[in-house]
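As structure tokens, the structure follows; a few thoughts come after it.
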Amino acid sequence: MEVVENSKNPNHSPERKRGGWRAISFILGNETLERMGTMGLSANFMAYLTKVFHMELVDASNVYNLWLGLSNLAPLLGAIISDAYVGRFKTIAYASFFSLFGLMTVTLTAWLHQLHPPECNIHHPDSCHRPNKLQLGVLFLGLCFLSIGSGGIRPCSIPFGADQFDQRTEKGLKGMASYFNWYYLTFSIVLIVSHTIIVYIQDNISWTVGFSVPTGLMACSIVLFFVGTRFYVYVKPEGSVFSGIVRVILAARKKRNLELPVEDGTVEYYDPPLKHGVLSKLPLTNQYKFLDKAAVIKEGDLTSDGVPVNKWRLCSIQEVEEVKCLIRIIPVWSAGIISVVTVSTQGTFIVPQARKMDRHMGPHFEIPAGSLSVISFITIGLWLPIYDRILVPSLWRIRNFRLTLLQRMGIGIVFGIMSMFSAALVERVRRTQALEMTQMSVFWLALQLVLMGLSESFNFIGQIEFFNSQFPEHMRSLANSLFPLSFAASHYLTSVLLTTVHKLSGGKDQPDWLDNNLDKGRLDYFYYMIAGLGVVNLVYFWYCARSYQYKTGSQMEDLEEEKSLVD
């Protein structure tokens, strides 16, 4: 970030030469190693639960989804703590140690034979010992530590990087846009490495070494993060955004009997200058007019200095519009839950499916089952540069057209539905061939994974950009907690669907759809069910998107954005 020499601003030091790409290099390095550690554990964790802890498929799926749900629910609390109390740097620092403790604990469950069940007897595979209370307790403790770590790192990593750029300048805005591109690129690299090299070590060398590598990478990420402390820009916490939201709602409720005239200009609204740290002015909009009452100045609301007598009775237009931004976003956010269910469902079953298929690539090499998901990540890595550098500028030059963020998200939902239908068809053929005692090539799973990669490229990245652009700047931690929150809700929903289908499907003579032996179950029916939910969700998303009003008061005019697209 360029130095802003303003002694009146407590967020800036007159002599500082902080921020910018020098600071970003440490942040991206820390983020890359941290994700390499946590993703290196989660990439193949379903196989660990079924192979080492001898869990049934549905039980392992529930543990996996509940853990991921908790890990994605925690960022909401982390965002509140960061914005209101300790700031982003300290939140990331404390959370990183929790992630390290979690990885060390899970590694111990693989290393010490007392902390995992004994190996199954090859001649009697049905007599495998289940994990005892101590073994499960230590495993769950490690997962809880990891969830706490995710709660602090996920909502703060992107905003902390954005803090390093002066967003009041065109140079700072372009730097931040480039930072997002590098963030996505490093994330794709992390996913590819964790799902290939680390998974291969876990499957073919040992789980202890396979978990020790992510633990070591996590320790390196902490060291790198603290090495860059003298280069960072530190933005002080400005109080919880939730208190401002509650104040607007209560102020509007207290003035609920106030009549707002149809014509503008006949009432006076409280509209003071922007606070430091707030970069864009939000004008008064016509949506949710009942909230406007919170900003109407009545007799006795202001002191002689123009300051509200009671902050719980009079709020500014800016505060009212910030609450409107949140209300507008919630329906769109909720539509993202089902779209994530498609990813979590395939993430749950892709490994058991792959283990039932022919995974040979050549006569001597067998692809690890946990590495199949890398096809989706390669798709993302290839598609993003094509979309950003070729498709978007070409559409603008030829037809003066560009996709809005909501259109991009909708296209991603369509690709997700197509992926689930493809997955159902492939599983149906795989099961038929398995019953005929023939193995199907694992590369038949590639189509659904490519479609899922395209879904993530459009939908997930579109969601991240949508939340970051539609929330006010000082609410970015909250914005970046919404995306993990949709993952949390989707994982819990997936767990409920798994448990319900496991109990209700099947009959006396028929196994349930999610039988531990996929050849006996009907996983394809479950995939069709998820695809059907996706179709319903697409209709709901269309209904939410057609009435959405984008945030006004952007930092750069549309003309400048269009110019940058052509450039």
Side-chain angles (χ1 to χ4, degrees), residues 30-55 59-61 63-68 70-71 95-120 128-129 131-132 134-151 153-154 187 189-224 347-348 350-352 354-355 367-374 377:
N30 161 261
E31 179 73 13
T32 301
L33 292 175
E34 183 273 329
R35 284 189 178 273
M36 196 84 75
T38 53
M39 293 294 179
L41 183 140
S42 63
N44 207 25
F45 199 62
M46 273 290 294
Y48 182 67
L49 294 177
T50 54
K51 284 184 175 180
V52 178
F53 271 70
H54 308 153
M55 291 185 180
D59 293 336
S61 301
V63 170
Y64 182 70
N65 281 294
L66 290 173
W67 167 49
L68 291 182
L70 180 61
S71 297
S96 296
F97 283 105
F98 274 104
S99 291
L100 179 61
F101 296 153
L103 286 167
M104 291 171 63
T105 304
V106 175
T107 303
L108 286 177
T109 64
W111 181 34
L112 300 177
H113 64 85
Q114 299 94 335
L115 296 182
H116 61 256
E119 291 186 8
C120 296
C128 293
H129 292 280
N132 57 40
L134 173 64
Q135 294 162 349
L136 287 176
V138 174
L139 178 67
F140 293 160
L141 177 64
L143 297 181
C144 285
F145 281 150
L146 286 168
S147 295
I148 295 172
S150 296
I153 295 172
R154 295 291 173 265
F187 185 44
I189 293 172
V190 164
L191 291 173
I192 292 172
V193 172
S194 61
H195 282 74
T196 52
I197 298 175
I198 296 179
V199 167
Y200 181 83
I201 293 172
Q202 292 168 351
D203 279 355
N204 295 278
I205 300 177
S206 78
W207 288 99
T208 303
V209 176
F211 287 162
S212 297
V213 172
T215 304
L217 291 172
M218 186 69 227
C220 292
S221 77
I222 296 175
V223 173
L224 186 63
T348 299
I350 198 74
V351 173
R355 288 166 61 184
I367 302 171
S371 296
L372 260 295
S373 298
V374 77
F377 310 140

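- With rounding to the nearest 0.5 Å, the separation of OG in Ser150 from CG in Leu70 is 9.0 Å.
- Checked against side-chain hydrogen bond (donor to acceptor under 3.5 Å, both in side chains), Asp59 has no partners two or more places apart in sequence or in another chain.
- With contacts defined as side-chain heavy-atom distances shorter than 4.5 Å, the pair Thr109/Gln135 does not qualify.
- Atom CZ of Phe98 is surrounded by 12 or fewer heavy atoms from other residues, nucleotides or ligands within 6.0 Å.
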*Yes or no on side chain to side chain contact (heavy atoms under 4.5 Å, CB included) for Val351 and Thr50, after CA distance, side-chain angles and deciding distance?*
CA-CA 11 Å; Val351 173; Thr50 54; over 6 Å; no
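- For the atom pair NE2 of His54 and SG of Cys120, the computed distance is 3.5 Å after rounding to the nearest 0.5 Å.
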_Walk me through whether Ser212 and Trp111 qualify under side chain to side chain contact (heavy atoms under 4.5 Å, CB included)._
CA-CA 9 Å; Ser212 297; Trp111 181 34; over 6 Å; no
*Apply the test side chain to side chain contact (heavy atoms under 4.5 Å, CB included) to residues Leu143 and Phe45: give CA-CA distance (whole Å), side-chain angles for both, the deciding distance (0.1 Å), then the verdict.*
CA-CA 11 Å; Leu143 297 181; Phe45 199 62; 3.8 Å; yes
*side chain to side chain contact (heavy atoms under 4.5 Å, CB included) between Leu139 and Leu49: does it pass, once the steps are laid out?*
CA-CA 10 Å; Leu139 178 67; Leu49 294 177; 3.9 Å; yes
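- Residues Val193 and Met39 are not in side-chain contact: their nearest non-hydrogen atoms beyond the backbone lie 4.5 Å or more apart.
- Contact annotation: the side chain of Asp203 approaches that of Asn44 to within less than 4.5 Å [non-hydrogen atoms, C-beta and beyond].
- The distance from atom CG of Leu372 to atom CZ of Arg355, rounded to the nearest 0.5 Å, is 12.5 Å.
- Within the model, atoms OG of Ser61 and CE of Met46 stand 3.5 Å from one another, a figure rounded to the nearest 0.5 Å.
- For the pair Ile153 and Ser96, the tightest heavy-atom approach, listed with the atom from each and the gap, is CD1-OG, 3.9 Å.
- Every residue two or more places apart in sequence or in another chain that forms a side-chain contact (heavy atoms from CB on, under 4.5 Å) with Leu33 is listed here: Leu217, Cys220, Ser221, Leu224.
- Every residue two or more places apart in sequence or in another chain that forms a ring-ring contact (aromatic ring centres under 6.0 Å, His included) with Phe211 is listed here: Tyr48, Trp207.
- With values rounded to the nearest 0.5 angstrom, Ser373 atom OG is found 12.0 Å from Ile192 atom CD1.
- The two atoms that bring Asn204 and Pro368 nearest to each other are ND2-CG, 4.2 Å, heavy atoms only.
- Counting heavy atoms from C-beta on, the side chains of Met218 and Leu41 never come closer than 4.5 Å.
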For residues 99-106, which side-chain N or O atoms pair as donor and acceptor with protein atoms under 3.5 Å away, sequence neighbours left out?
unit_1, atom_1, unit_2, atom_2, d
Ser99, OG, Ala95, O, 3.4
Thr105, OG1, Phe101, O, 2.8

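- Within the structure, the salt bridge (Lys or Arg N to Asp or Glu O under 4.0 Å) test picks out the following pairs touching residues 35-49 (sequence neighbours left out): Glu31-Arg35.
- Taking Leu136 as the reference, Phe53, Met55, Pro131, Phe140 meet the side-chain contact (heavy atoms from CB on, under 4.5 Å) condition, with sequence neighbours excluded.
- Shown here for Val199 and Ser194, the closest heavy-atom pair between the two residues is CG2-O, 3.2 Å.
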